[in-house]
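So that the names make sense, note that chain A is the first sequence line, chain B the second, and so on, each numbered from 1. Everything quoted here is computed from the prediction, not taken from an experiment.
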Amino acid sequence: MNNISAKEYAASNLAPSIFYKKEVESKIFALIDCNNFYVSCERLFRPDLNNKPIIVLSNNDGCIVSRSNEAKSLGLPMGGPLFKYKNIIKNNNVNIFSSNYKLYSDISYRVMNSLRSFCPDIEIYSIDEAFLRLDKMSICNINNFANNIYSKVSKWTGIPISIGLAPTKTLSKIANNIAKTRSEFLGVCNLSDIKNIDAIFKNMKVSEIWGVAKKTEAKLNSINIFTIYDFKNSNQKLIRKILGVVGERIFLELNGVSCLDIQEVSVRKHISYSRSFGEKQTKFEEISQAIANHTSCACAKLRRQKTVAKGIIVYIATSPYSQKENYSNSYSIALDNPSSNSAEFIKKAQECLKKIFRHGYSYHKSGIVLFDISEENILQESFLESKIDDERNKKLMKIIDDSNYKSKSQILFFASQGIQRKWQTKKDLCSPCYTRWEELATVK
DNA sequence: TCTGGGGTCCTAGGACCC
DNA sequence: TCTGGGGTCCTAGGACCC
């Protein structure tokens with residue numbers, strides 16, 4: 001069955017209903033989403049925390065990024081800064097964790113592998129979400145199949161999930177939302193089975209649609225579109241005029257015309273690494289260490305995806321919330337030849353920092369971006385650089401990467417990254433990484 | 001006192017070319 | 001004297017996602 005692009009659809013004279021029918025028959029997407037993922041990972045090894053309010057914090061213990069249902073009902077908002085909610089947290093004995101990304105990515109890997117065993121046509125959309133395309137498989141009963149995924153994944157990994165089924169990705173996100181929020185669906189919602197879908201859509205705000213946030217919501221509200229039902233039944237040309245191709249695509253997807261398919265994994269186009277400092281920093285030396293560290297981590301990522309970058313951007317900033325005079329600046333340098341060598345990029349990063357560092361400010365954050373990324377194997381050989389040096393550097397990087405991978409930590413690093421690391425991010429409430437040998441849970 | 005981090009895609013506008 | 005316009009590429013910024 002041909003996929004009809006939004007453009008082709010817009011250009012066609014055929015009645016929409018013909019397309020809708022064809023598309024409904026042609027594709028079935030399942031969106032699988034882990035419930036309160038970070039919180040669920042923490043609970044996995046701490047069953048004593050079931051049914052208790054838990055929150056997980058962002059880097060530097062700054063904001064709330066994951067909440068258990070109990071924490072949600074206390075009114076703790078997603079993204080809320082921790083210090084504003086100290087009272088609620090204290091009065092209700094809310095359990096707090098710093099984010100433990102090593103643990104979460106290990107658990108995520110388990111969940112995704114389980115999903116892949118059901119359907120190879122998978123797009124891992126984020127650490128806790130994946131789309132499956134089910135219509136290419138021979139499945140007798142799609143609902144039974146989804147129910148099976150639902151129970152097996154929870155059983156195998158211990159992580160609760162929700163599943164939304166629909167003929168487009170946008171609709172499957174909505175179906176997933178319904179599965180998650182309405183207990184009568186028992187965690188799995190097939191949108192095509194719902195008889196009174198209009199009644200449900202009339203009760204959902206446009207901001208509940210994937211791709212519609214504040215700005216877009218305001219634009220839609222201004223033309224009297226408030227609910228998903230309103231949006232779905234509005235005028236395509238008007239939507240195109242007001243929201244551009246992105247909005248038009250959403251409109252079509254809501255109407256069952258699939259414009260977005262499963263995406264293959266592609267190499268990152270930029271790799272960035274930035275952190276707020278645990279405490280404000282004023283000295284060049286400390287910030288220089290942090291920058292060297294960010295650069296080294298980003299280069300390791302670059303090598304892991306077998307790519308090279310042409311240049312680096314370095315930036316530093318004072319806190320945007322500070323009452324004092326603010327300063328932020330960035331500087332970039334392009335290399336003569338693309339590289340993935342940490343030492344080379346660290347040197348350039350420090351040149352950048354010298355250009356932008358100003359005395360007299362308390363810095364809050366620093367970061368780097370590697371840009372113009374291309375695949376390693378299509379790298380052009382330089383005429384100037386010595387090939388022997390190049391080979392030696394590659395070997396050195398491989399030794400560093402292998403050792404750090406084996407030890408699952410940074411046992412080999414550059415002196416410029418520093419040892420004291422006064423700038424390091426705050427992570428006071430971190431759980432053990434239960435999935436690694438040296439931190440396995442103990443049974444008493 | 002204390003407010004995260006890493007991405008993607010799209011668009012508008014400028015520079016440049018013929 | 002009359003002073004175009006279309007195409008392409010690049011970049012910065014906006015909007016959104018989790």
Novice: Between A/Tyr273 and A/Arg275, is there a cation-pi geometry (under 6.0 Å to ring centre, at most 45° from the normal)?
Specialist: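 A/Arg275 over A/Tyr273 ring: yes.
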
Novice: How are the rings of A/Phe251 and A/Phe231 set relative to one another: parallel (under 30°), tilted (30 to 60°) or perpendicular (over 60°)?
Specialist: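 The rings of A/Phe251 and A/Phe231 sit tilted, inter-plane angle from 30° to 60°.
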
Novice: To the side chain of A/Ser272, which of B/dG7, B/dT3, B/dG5 is closest?
Specialist: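 Selected nucleotide: B/dG7.
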
Novice: A quick test of your reading: do over 12 heavy atoms of other residues, nucleotides or ligands sit less than 6.0 Å from NZ of A/Lys427?
Specialist: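 Enclosed.
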
Novice: Indicate whether A/Tyr321 forms a stack on B/dT3; treat it as stacked only if centroid distance is below 5.5 angstrom and interplanar angle below 30 degrees.
Specialist: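 One would call A/Tyr321 stacked on the B/dT3 base.
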
Novice: Want to settle it: does A/His270 or A/Lys280 sit nearer the 5' end of DNA chain B, counting the closest nucleotide to each?
Specialist: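 Whichever sits nearer the 5' end wins; that is A/Lys280.
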
Novice: Would you mind reading off the distance between A/Lys219 atom NZ and C/dC16 atom C1', rounded to a whole angstrom?
Specialist: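 That distance rounds to 12 Å.
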
Novice: Answer with base, sugar-phosphate or nothing: what part of the nucleic acid does A/Lys426 contact at a heavy-atom distance below 4.0 Å?
Specialist: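 No contact.
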
Novice: Mind checking A/Ile209 for me? I need base, sugar-phosphate or nothing, with any heavy atom below 4.0 Å counting as a touch.
Specialist: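 Since only primed, P, OP1 and OP2 atoms lie under 4.0 Å of A/Ile209, the category is sugar-phosphate.
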
Novice: For A/Tyr315 and B/dG6, what is the distance between atoms OH and C1' respectively, to the nearest whole Å?
Specialist: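 It works out to 9 Å between those atoms.
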
Novice: Over how many whole Å does the gap from A/Ile64 atom CD1 to C/dC18 atom P extend?
Specialist: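 My rounded result for the distance is 19 Å.
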
Novice: Of all the nucleotides listed (C/dC18, C/dC17, B/dG7), which has the minimum atom distance to the side chain of A/Ala213?
Specialist: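 For the A/Ala213 side chain, the nearest candidate turns out to be C/dC17.
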
Novice: Would you find more than 12 non-hydrogen atoms of other residues, nucleotides or ligands less than 6.0 Å from A/Tyr109 atom OH?
Specialist: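 It does not: A/Tyr109 OH has 12 such atoms or fewer within range.
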
Novice: Can you identify which nucleotide, out of B/dC10, B/dC2, B/dG5, has its nearest atom closest to the A/Val246 side chain?
Specialist: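 That would be B/dC10.
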
Novice: Could you work out which one of B/dT11, C/dC17, B/dG4 sits closest to the side chain of A/Asn59?
Specialist: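 So the nucleotide nearest the side chain must be B/dG4.
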
Novice: Is the cationic atom of A/Lys169 (NZ for Lys, CZ for Arg) positioned less than 6.0 Å from the six-membered ring centroid of A/Phe131 and within 45 degrees of its normal?
Specialist: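 That pair qualifies as a cation-pi contact.
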
Novice: Atom NZ of A/Lys214 to atom C1' of C/dC16: distance rounded to whole Å?
Specialist: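 It is 13 Å, rounded to the nearest whole Å.
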
Novice: Of all the nucleotides listed (B/dC9, B/dG5, B/dC10), which has the minimum atom distance to the side chain of A/Lys269?
Specialist: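 The closest nucleotide is B/dC9.
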
Novice: Say you pick atom C1' in C/dC18 and the same atom in B/dC2; how far apart are they, in whole Å?
Specialist: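 Result for the C1' pair: 24 Å, nearest Å.
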
Novice: Please classify the nucleic acid contact of A/Leu57 as base, sugar-phosphate, or nothing, using heavy-atom distances under 4.0 Å.
Specialist: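 No contact.
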
Novice: Whole-Å distance between B/dT1 P and A/Asp61 CG?
Specialist: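 For the pair A/Asp61 CG and B/dT1 P, the rounded distance is 19 Å.
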
Novice: With a 4.0 Å limit, can you tell me whether A/Ser58 has a side-chain N or O closer than that to the phosphate oxygens OP1/OP2 of B/dT3?
Specialist: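 For B/dT3, OP1/OP2 do not have a side-chain N/O of A/Ser58 under 4.0 Å.
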
Novice: Take atom CG of A/Leu429 and atom P of B/dG4, then tell me their distance rounded to the nearest Å.
Specialist: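 The answer, rounded to whole Å, is 16 Å.
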
Novice: Round to the nearest Å and state the distance from A/Asp428 atom CG to B/dC2 atom C1'.
Specialist: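 The answer, rounded to whole Å, is 12 Å.
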
Novice: What nucleotide among B/dG5, B/dC10, C/dC18 has an atom nearest to a side-chain atom of A/Ser276?
Specialist: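 Ranking B/dG5, B/dC10, C/dC18 by closest atom to the A/Ser276 side chain puts B/dG5 first.
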
Novice: As a test of understanding, state which of A/Leu302, A/Thr307, A/Ile373 forms a side-chain contact (heavy atoms from CB on, under 4.5 Å) with A/Ser340.
Specialist: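 Of all the options given, the one that passes is A/Leu302.
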
Novice: Rounded to whole Å, how long is the line connecting atom CD1 of A/Ile368 with atom P of B/dG6?
Specialist: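 Spelled out: CD1 on A/Ile368 to P on B/dG6 is 9 Å.
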
Novice: Let me know, please, whether A/Lys365 or A/Val267 comes out on the 5' side of the other along DNA chain B by nearest nucleotide.
Specialist: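 Mapping each residue to its closest nucleotide by heavy atoms, the 5'-most match is A/Lys365.
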
Novice: Nearest to the side chain of A/Asp128 - C/dC18, B/dT3, B/dG6?
Specialist: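 Out of C/dC18, B/dT3, B/dG6, the nucleotide with an atom closest to A/Asp128's side chain is C/dC18.
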
